[in-house]
Amino acid sequence: ISNLLDNAIENCEKEAANKYITFNIYRKNCYLVFDCRNFCTSYNPNTDKSDKKLHGLGMKIIKSISDKYNGNDYHVLKNNEFVHIVNINI
């Protein structure tokens with residue numbers, strides 16, 4: 001949860017206007033779903049921070065957790081909205 005929100009907050013800090021973040025947790029069938037969305041005009045999957053060794057791991061950690069619990073990890077930029085959905089099997 002913290003990686004999803006940290007990424008959304010950092011992305012919104014780069015935007016000039018229309019900033020928003022929505023975060024929902026719900027159950028869908030046998031999955032717990034984490035749905036995080038934020039305004040975004042461009043997406044770069046690589047960290048832009050100077051210390052590459054200590055940053056840029058969040059997306060890998062999220063993917064690792066979803067894999068560990070037989071879930072999936074989906075993210076897309078569409079219509080100026082970055083959508084990141086993580087499902088874990090419960």
Side-chain angles (χ1 to χ4, degrees):
I1 293 173
S2 65
N3 277 327
L4 289 171
L5 288 173
D6 283 345
N7 290 346
I9 291 166
E10 286 179 19
N11 201 337
C12 280
E13 288 174 343
K14 298 175 188 174
E15 300 292 343
N18 301 320
K19 299 177 184 189
Y20 69 85
I21 296 172
T22 62
F23 190 84
N24 293 292
I25 302 172
Y26 55 92
R27 182 179 180 170
K28 184 173 183 179
N29 300 321
C30 61
Y31 290 96
L32 186 60
V33 180
F34 301 89
D35 183 335
C36 187
R37 299 165 186 253
N38 60 277
F39 181 78
C40 182
T41 54
S42 66
Y43 170 64
N44 178 359
N46 302 310
T47 185
D48 57 359
K49 296 177 184 166
S50 60
D51 189 348
K52 307 288 188 217
K53 289 185 180 182
L54 297 177
H55 296 284
L57 301 174
M59 298 291 269
K60 292 176 187 171
I61 292 169
I62 292 168
K63 175 72 174 138
S64 172
I65 292 169
S66 68
D67 289 346
K68 179 179 178 179
Y69 293 99
N70 300 315
N72 57 53
D73 173 46
Y74 168 80
H75 48 86
V76 65
L77 176 62
K78 186 176 181 182
N79 299 326
N80 290 333
E81 182 175 60
F82 186 77
V83 178
H84 197 154
I85 298 174
V86 178
N87 300 319
I88 58 172
N89 197 345
I90 53 174

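Residue numbers start at 1 and run along the sequence shown.
The nearest pair of heavy atoms linking Phe23 to Leu5 is CD1-CD2, 3.8 Å. Minimum interatomic distance between Asn80 and Phe39 (heavy atoms only, all atoms of both residues): O-CD1, 3.3 Å. When all heavy atoms of Ile25 and Phe34 are compared, the closest pair comes out as CG1-CD2, 3.7 Å.
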(message) Run His84 and Asp73 through side-chain hydrogen bond (donor to acceptor under 3.5 Å, both in side chains) and show every step you take.
(response) CA-CA 7 Å; His84 197 154; Asp73 173 46; 2.5 Å; yes
(request) Would you sort out whether Val86 and Ile65 count as a side chain to side chain contact (heavy atoms under 4.5 Å, CB included), showing the intermediate values? (result) CA-CA 9 Å; Val86 178; Ile65 292 169; 5.9 Å; no
(message) What verdict does the side chain to side chain contact (heavy atoms under 4.5 Å, CB included) test give for Ile85 and Val33, after you've listed the backbone C-alpha separation in whole Å, the side-chain angles of each residue and the deciding distance to 0.1 Å?
(response) CA-CA 7 Å; Ile85 298 174; Val33 180; 3.8 Å; yes
(request) Could you give me the CA-CA distance, side-chain angles and deciding distance for Ile21 and Cys12, then say whether side chain to side chain contact (heavy atoms under 4.5 Å, CB included) is met? (result) CA-CA 8 Å; Ile21 296 172; Cys12 280; 3.7 Å; yes
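For Arg27 (side chain) and Asn29 (main-chain N/O), a donor-acceptor pair under 3.5 Å exists by modelled atom type. A donor-acceptor pair is defined here as one N or O able to donate and one able to accept, closer than 3.5 Å; such a pair exists between the side chain of Lys19 and the backbone of Glu15. Side-chain atoms of Glu81 never come within 3.5 Å of backbone atoms of Cys40 as a donor-acceptor pair (strictly under, hydrogens ignored).
Summarising the geometry, atom CD1 belonging to Ile61 is positioned 8.5 Å from atom OG belonging to Ser2; distances are rounded to the nearest 0.5 Å. Distance check: Asp35 CG to Tyr74 OH gives 10.5 Å after rounding to the nearest 0.5 Å. The line from SG of Cys30 to CG of Asn70 is 9.5 Å long, rounded to the nearest 0.5 Å. With rounding to the nearest 0.5 Å, the separation of CG in Leu77 from CG in Asn38 is 9.0 Å. Here Ser64 contributes atom OG and Leu57 contributes atom CG; the two are 11.0 Å apart, rounded to the nearest 0.5 Å. Note that the CG atom of Asn7 and the CZ atom of Phe82 stand 7.5 Å from one another [nearest 0.5 Å].
Contact check for Asn89 versus Tyr31: side-chain heavy atoms found under the 4.5 Å cut-off.
Cluster annotation: Val83 and Met59 are assigned to distinct hydrophobic clusters (Ile/Leu/Val/Met/Phe/Trp/Tyr, side-chain heavy-atom contacts under 4.5 Å, transitive).
With sequence neighbours left out, Asp67 forms a side chain to side chain donor-acceptor pair (under 3.5 Å) with Lys63.
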